[in-house]
Number of protein chains: 2
Amino acid sequence: MGGMPKPLPVIQPVPPAAACCPPLTAAPLTAEQAEELAVRLKAIADPTRLRLLSLMLASPGMQACTCDLTEPLGLTQPTITHHLRKLAAAGLVVPERRVGNFTYYRVVSDALTGLASILAPVAGA
Amino acid sequence: MGGMPKPLPVIQPVPPAAACCPPLTAAPLTAEQAEELAVRLKAIADPTRLRLLSLMLASPGMQACTCDLTEPLGLTQPTITHHLRKLAAAGLVVPERRVGNFTYYRVVSDALTGLASILAPVAGA
DNA sequence: AATTGAGATAGACACTTGTCGATGCGCTTC
DNA sequence: GAAGCGCATCGACAAGTGTCTATCTCAATT
């Protein structure tokens, strides 16, 4: 069927950037703000996902396909896919392009810097 | 018994600052580095603990006693103590002083900025 | 058309975690 | 010394989570 090329599953229930909350030092967070920020932080508060991010960041274009990430971490392919899904749901990575059977994910570096600036608005200063 | 004044339970299994890992963008993390960083991030990846931190940061001297934190969050006292313990174990707060029956915890702001600089070394620049 | 191969999905299971009620310890006040 | 209060600890339980095996889908190749 010559239909549409299946536009890559978009998951992102979370807005693209870290525009959810004021900096921690600004004022006490509401329950909703804390909940939303915690969702993003939970996404990176996992050793496997941290390694995934650092591997992708070290790759050209901050991109990598699932196959490139499976072996270095010593985990199965469904597990890697599971973690990439979680990262995508938090807006930290995005399914970029699909070359043949390979799906390439890219790190959204703005999401990382956004999180960092919420934790410590003066970081890097 | 005129013994020692019980030197406030120190929990911190984690080194004081965020000197555990290079920035994410520097190089792929080892399993150990990722594990240690995840421990710290898990500590703040919780809505209750985020609100605790923001409440303490908004208090004079970035300090607060357990009694000040129980009511604003609508949780029981053992639960607040539990979370303060977790934050202390991650080096994000420290049991500062004890006035009568009150125990005051203080936010270690360097720990927050340290985490932020690992996530995004250029944040705030 | 058949085969191969990458990745997504589903289901299962062990483990962790957030919360609570009950209890114990230490300091303060009566 | 007895009572009251703040905080820590203990035990329990529901909910969430990371990992796996098995299966399915879709694209590329033969």
Side-chain angles (χ1 to χ4, degrees), chain A residues 1-11 31 34-35 38-52 56 63-71 73-90 93-105, chain B residues 1-11 31 34-35 38-52 56 63-71 73-90 93-105:
Chain A
M1 310 68 143
M4 287 150 292
K6 193 93 171 275
L8 277 179
V10 176
I11 320 171
E35 190 71 43
V39 168
R40 300 162 189 265
L41 287 174
K42 277 183 201 291
I44 59 172
D46 177 85
T48 299
R49 291 193 284 271
L50 285 171
R51 296 187 72 190
L52 281 177
M56 296 171 74
Q63 295 182 2
C65 64
T66 309
C67 59
D68 291 332
L69 302 168
T70 302
E71 189 202 359
L73 296 191
L75 296 173
T76 64
Q77 171 264 317
T79 300
I80 300 297
T81 295
H82 166 72
H83 287 299
L84 286 174
R85 247 183 105 83
K86 285 225 159 188
L87 287 172
V93 306
V94 62
E96 182 73 359
R97 58 202 172 101
R98 185 179 267 166
V99 180
N101 285 330
F102 300 82
T103 307
Y104 282 82
Y105 288 84
Chain B
M1 312 68 155
M4 287 150 293
K6 197 95 172 276
L8 279 178
V10 177
I11 320 173
E35 190 71 44
V39 168
R40 299 163 191 264
L41 288 174
K42 276 181 200 292
I44 59 172
D46 178 86
T48 299
R49 290 194 285 272
L50 285 171
R51 296 186 72 190
L52 281 177
M56 296 171 74
Q63 296 183 2
C65 63
T66 308
C67 58
D68 292 332
L69 303 169
T70 302
E71 187 201 359
L73 295 192
L75 295 174
T76 64
Q77 171 266 316
T79 300
I80 300 298
T81 295
H82 166 72
H83 286 299
L84 286 174
R85 245 185 107 81
K86 284 223 159 189
L87 288 173
V93 306
V94 62
E96 182 72 0
R97 59 204 171 98
R98 185 180 267 166
V99 180
N101 285 332
F102 301 82
T103 306
Y104 282 83
Y105 288 83

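Numbers restart at 1 for each chain; the letters A, B, ... are given by sequence-line order, proteins then strands. All heavy atoms count here, side chains included; hydrogens, waters and symmetry mates do not.
The interatomic distance linking A:Leu84 (CG) with C:dA6 (P) rounds to 16 Å, in whole Å. Atom OH of A:Tyr104 and atom P of C:dA8 are 13 Å apart (whole Å). Atom CD1 of A:Ile80 is separated from atom P of C:dG5 by 20 Å (rounded to the nearest Å). The CD-P distance, from B:Glu71 to D:dC7, rounds to 13 Å in whole Å. In this structure, A:Asn101 atom CG and D:dA27 atom P are separated by 9 Å, rounded to whole Å.
The distance from the CG atom of B:Leu84 to the NZ atom of B:Lys86 is 13.0 Å, given to the nearest 0.5 Å. One distance of note links CG of A:Leu75 with OG1 of A:Thr81; it measures 11.5 Å at 0.5 Å rounding. Rounding to the nearest 0.5 Å places CG of B:Leu41 at 11.0 Å from CZ of A:Arg49. Rounding to the nearest 0.5 Å places CD1 of B:Ile80 at 5.0 Å from CG of B:Leu52. Between B:Arg51 atom CZ and B:Leu69 atom CG the span is 11.0 Å, to the nearest 0.5 Å.
Between A:Tyr105 and C:dA6 there is no side-chain N or O to OP1 or OP2 distance below 4.0 Å. Residue A:Arg85 places at least one side-chain N or O under 4.0 Å from the OP1 or OP2 atom of C:dT9.
Take the nearest nucleotide of DNA chain D for A:Gly100 and for B:Cys67: the residue whose nucleotide is more 5' is B:Cys67.
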Checklist outcome for this item: Given protein heavy atoms under 4.0 Å, the one-letter contact record of nucleotides 16-22 of chain D, with B base, S sugar-phosphate only and - none, is simply --SBBBB

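Minimum heavy-atom separation, B:Ala38 to A:Ala45: CB-C, 4.2 Å.
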